[in-house]
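Here's the structure we're looking at; comments come further down.
Here is how names work: the chains are called A, B, and so on, in the same order as the sequence lines, proteins then strands, and each is numbered from 1. These values consider heavy atoms only, across backbone and side chains, with no hydrogens, waters or symmetry-generated copies. Nothing here was measured: the structure is a model prediction, and the numbers come from that model.
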Number of protein chains: 2
Amino acid sequence: MAQINKHLKKEQKGEDRGCCGIPGIPEPRFLKAFSDSTRLRILAHLVEAKEPQMVSEIAKNFPIDVSVVSRHLAILRDEGILLAEKQGKEVYYSVRYEFLSSIFRGFASAIESCCPSKEKSE
Amino acid sequence: MAQINKHLKKEQKGEDRGCCGIPGIPEPRFLKAFSDSTRLRILAHLVEAKEPQMVSEIAKNFPIDVSVVSRHLAILRDEGILLAEKQGKEVYYSVRYEFLSSIFRGFASAIESCCPSKEKSE
DNA sequence: ATAATAGTTGCATGATGGCACAAATAAACA
DNA sequence: TGTTTATTTGTGCCATCATGCAACTATTAT
């Protein structure tokens, strides 16, 4: 059960999480983790799986090398999106559901709270 | 008041908005729009401004060329994050608050709804 | 100890992206 | 008309990044 989430950054500890002066807006590096289609699909796969999966098992679902999947998982882990737990040879990755949903809900609120009144979209 | 939001993609029309099979998870290209720090700061600036601003006015707040700001604004506009309205020579950009908050709230819900039970984070 | 398996990391490569500068477009005005 | 101002777009440069392959580490089994 050894957690190997390297250096838990301030985001993970829920300290500031604010760039640009507006609290609630995540940092670009965090959002960048979602910007790649492969990475997003890996995340979606883990969300659907509903249970921790090891790297090689995850990699089976993607037409790319295991090393690439490993790197993507590391990026998601470093941003606190995934939790990594080592069990023997295997490393099991799982989604940090509550962390993720709270971040994005906070993002939505931060934007909405600044809404002047009604959006005059088309 | 001519809106120049090029080709309104499916996202803007609230049709599917789903990649990876899970509805509620935005497309990578949409999330990529938030991955750059300059772009995120431009967005934050507009959120704080609470009213439409023209390109040259926005650019005053950033140590980069106006052309670069224009390109960033175009990216945000193409993803439905900003609304662009041309008035004479000027183009006024504003935040689509409701659209944005609904997308991220939906993202949060999509993740949360897949949460098995309780996250076993540290 | 040796071998086998799981995962990570070093390295090279091709693609993408942010940036500055210059040119092009568009609108208001002399 | 030509000129000025606001914005967009073409181009090139440099940095970052996703990928594959190979080497390396770590753990388990023989």
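- When each of D/dT19, D/dA6, C/dG7 is scored by its nearest atom to the side-chain atoms of A/Met54, the top-ranked nucleotide is C/dG7.
- At least one side-chain nitrogen or oxygen of B/His72 sits closer than 4.0 Å to the OP1 or OP2 atom of C/dC19.
- Following rounding to the nearest Å, B/Glu85 (CD) and C/dA27 (P) show an atom-to-atom distance of 16 Å.
- A donor-acceptor pair is defined here as one N or O able to donate and one able to accept, closer than 3.5 Å; no such pair exists between the side chain of A/Arg39 and the backbone of A/Phe34.
- At whole-Å resolution of the value, CZ in A/Phe62 and P in D/dT19 are 11 Å apart.
- For the pair B/Glu90 CD and D/dT4 C1', the computed distance is 13 Å after rounding to whole Å.
- Contact check, B/Ser70 against D/dT7: no side-chain N or O comes under 4.0 Å of OP1 or OP2.
- To the nearest angstrom, P of D/dC14 lies 19 Å from CD1 of B/Ile64.
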Q) What do the steps show when you test B/Arg41 against B/Ser37 for side-chain hydrogen bond (donor to acceptor under 3.5 Å, both in side chains), and what is the final call? A) CA-CA 6 Å; B/Arg41 261 176 296 203; B/Ser37 65; 3.2 Å; yes
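- A close approach under 4.0 Å does occur between a side-chain nitrogen or oxygen of B/Lys32 and OP1 or OP2 of C/dG17.
- Residues B/Ser109 and B/Arg105 bring no donor and acceptor atom of their side chains to less than 3.5 Å of each other.
- B/Leu82 has its CG atom 15 Å from the C1' atom of D/dT7, to the nearest Å.
- Residue B/Asp36 places its side chain closer to C/dC19 than to any other of C/dC19, D/dT7, D/dA18.
- In this structure, B/Ser56 does not reach the D/dT5 phosphate: none of its side-chain N or O atoms is under 4.0 Å from OP1 or OP2.
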Q. What does nucleotides 22-30 of chain D look like as a protein-contact string, B for base, S for sugar-phosphate only, - for none, at under 4.0 angstrom between heavy atoms?
A. B---SBS--
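- Taking only side-chain nitrogens and oxygens, B/Tyr93 never comes nearer than 4.0 Å to OP1 or OP2 of D/dA6.
- Here D/dT16 presents its P atom at 14 Å from CZ of A/Arg29, a figure rounded to the nearest Å.
- For the side chain to side chain contact (heavy atoms under 4.5 Å, CB included) test, residues two or more places apart in sequence or in another chain that qualify with B/Ser70 are B/Val55.
- Between B/Lys32 and B/Glu27 there is no salt bridge, since no side-chain nitrogen of the basic residue lies less than 4.0 Å from a carboxylate oxygen of the acidic one.
- Using cut-offs of 30° and 60° on the angle between ring planes, the pair B/Phe30 and B/Phe104 is tilted.
- Note: the hydrophobic cluster containing A/Phe62 also contains A/Val66 (ILVMFWY, side chain heavy atoms under 4.5 Å, direct or indirect links).
- Taking 4.0 angstrom as the limit, B/Tyr92 places none of its side-chain polar atoms (N or O) nearer than this to OP1 or OP2 of D/dT7.
- Per the geometry, CD1 belonging to A/Ile75 stands 12 Å off P belonging to C/dT9, to the nearest Å.
- In this structure, of C/dT8, C/dC19, D/dT8, it is C/dT8 that holds the atom nearest to the side chain of A/Val55.
- Following rounding to the nearest Å, A/Lys60 (NZ) and C/dG7 (P) show an atom-to-atom distance of 10 Å.
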